[in-house]
Amino acid sequence: MIRFSYLKKAAMVLFVLLIFPVVSVQADDFARLRKDSVRISTITADFVQKKSMKILSKPLVSEGKFYYAAPDSIRWEYSKPLKSVVISNKGSTKRYISSGGKMVEDETGGAQVMKLVLGDVAGWMNGRFDSNPSFTAVLKEGPITLITLTPVDKRMAGIVEKIEITISRKDASVKSVRIVESAAAETRIDFLNAVINKGINPSVFQDVE
Amino acid sequence: MKGLFFLLGTFLLVSCAVLPAIHEPSSERAGKSITCPSPFLLEKTRLIHAIEVRMAGKPKTALIGVTLVDPVSRTFSCAMMSTEGMVLFEASSGSDGVKVVRALPPFDTTAFANNMMDDIELIFLTPVGLLTRKGVFTEGETVCRRHKEQGGWVDVLAGRDGHIQIRRYSEFGALQRTVKLDGNARNAYAVIELQAIDFVNYTLIMTLIESEVVGDIPAAQK
């Protein structure tokens, strides 16, 4: 039997984590990133997602398009291998799947979980990497800027071990996100062909087609 | 009270269900031996499917399913993930039973894991059990019926168009699962439709993304 409030528990765990105290370090560096990110009003980028896990002989590659408009509008659109779109705009998040050549709304709890996730993603685009108290944020400067987010709550073990985000030194935009679920499973998303501060038609955050 | 009558009626309906009758082949086909349809995997294979979940005929969500099946040892493992890459369920099944690696709600029940593993076995592995009958259905499909050791029946039938169906019934003949394979000669598992008649009825439409035969690494190289 399948019930479709899936991921609710994961969402609840994330929610519970919000009550934990903020553990942030290198406040000055994060403040600088926030300041640099203020200049970003829109981002359009292609993305390539590579899912690795023990059952797969090689990563499962997904592709799509990412749109962001400050402060918190996001369109996360997968074109391969499975078409789906998540749109978060003005506090509302909806997920759509392809069925019979049409995009139809996902009627499970998946959209609400994505609302939480995209809230974090929008924060990253704004340079707010250390604003989610559920994670300890550590910033490492080098040829690339690497931010590592580690869940504060040990109950997240097996769901998310850590999240690594790399930032472009040139324009402070996010270059890649690596979500490590366990030693044997991770998801890596690389953003390519990013275009910063070019106008995006508002319909991108309203119409699914 | 109405609910009680409904439950009683459903119980009677289910308990009195009978298996569809299998007939002797018609005179034009008489004399020809019936070959049991067998679309099942012969080699260790990894399959990745896009899965559309439907309830009451309406699409509800879409997932990606990965299945690694070894028909020789009759062992398999599977993972189900969201488009965004979040693994919702991962488990394996072998001689030591079902082992769940990861299960997020609502996929974290024993019943879900067992049902999922039973469905994978039904779809990809040659049914085990005593072959009790070969013949044809009224519509002309060739059918072979097996009785499972642990109870229940499995029919594997091939239509005149070559498409194959697998049906699982309870011990008392109530239809529980119908699997339609709309694939081609190259890959019977290109499109799989699984209809489940359960406490909640649902349909899974599985469209193949990729499949590969998996060669085991020799022990010396492991």
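Throughout, a chain's letter reflects where its sequence line sits, starting with A, and its residues are numbered from 1. Hydrogens, waters and symmetry mates play no part in the numbers below; they use all other heavy atoms, side chains included.
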Task: Close contacts, residues 45-57 of chain A versus chain B, judged by heavy atoms under 4.5 Å - done: A/Gln49, A/Lys51, A/Met53, A/Ile55, A/Leu56, A/Ser57

Open item on the list: Let me confirm one number: the CD1-OH distance from B/Ile64 to A/Tyr78, rounded to the nearest 0.5 Å.
Closed with: 8.5 Å

Open item on the list: Can you tell me which portion of B/Met116 sits under 4.5 Å from chain A's heavy atoms? Options are side chain, backbone, both or neither.
Closed with: neither

Task: Contacts with chain B made by residues 188-206 of chain A (heavy-atom distance under 4.5 Å), listed by residue number - done: none

Open item on the list: So which residue, A/Leu60, A/Leu82, A/Thr187, ends up with the most heavy-atom pairs under 4.5 Å with chain B?
Closed with: A/Leu82

Open item on the list: Please classify the contact between B/Ile209 and chain A as side chain, backbone, both or neither, with a heavy-atom cut-off of under 4.5 Å.
Closed with: side chain

Task: Minimum heavy-atom distance between A/Ser99 and B/Arg54, given as atom pair plus value - done: OG-NH2, 3.4 Å

Open item on the list: Could you go through B/Arg102 and A/Glu181, starting from their C-alpha distance and side-chain angles, then the distance that decides it, and tell me whether this counts as side chain to side chain contact (heavy atoms under 4.5 Å, CB included)?
Closed with: CA-CA 11 Å; B/Arg102 177 185 169 107; A/Glu181 292 164 32; 3.8 Å; yes

- [ ] Select, from B/Gly85, B/Ala50, B/Cys78, the one with the greatest count of heavy-atom pairs under 4.5 Å involving chain A.
- [x] B/Gly85

Open item on the list: Please classify the contact between B/Ile205 and chain A as side chain, backbone, both or neither, with a heavy-atom cut-off of under 4.5 Å.
Closed with: neither

Task: Sidechain N-carboxylate O distance under 4.0 Å for A/Glu105, B/Lys60 - done: no

TODO: Quick one: which of A/Ile97, A/Val104, A/Ile179 has the most heavy-atom pairs under 4.5 Å with chain B, could you say?
DONE: A/Ile97

Open item on the list: Just so I know, are the side chains of A/Arg95 and B/Ser82 near enough to count as touching, which here means a heavy-atom distance under 4.5 Å?
Closed with: yes

TODO: May I ask you to check whether over 12 heavy atoms, not counting those of B/Gln150, lie within 6.0 Å of atom CD?
DONE: yes

- [ ] Let me know if A/Lys58 has heavy atoms under 4.5 Å from chain B in its side chain, its backbone, both or neither.
- [x] side chain

TODO: Using non-hydrogen atoms and a 4.5 Å limit, figure out which bit of B/Ala196 sits close to chain A: side chain, backbone, both or neither.
DONE: neither

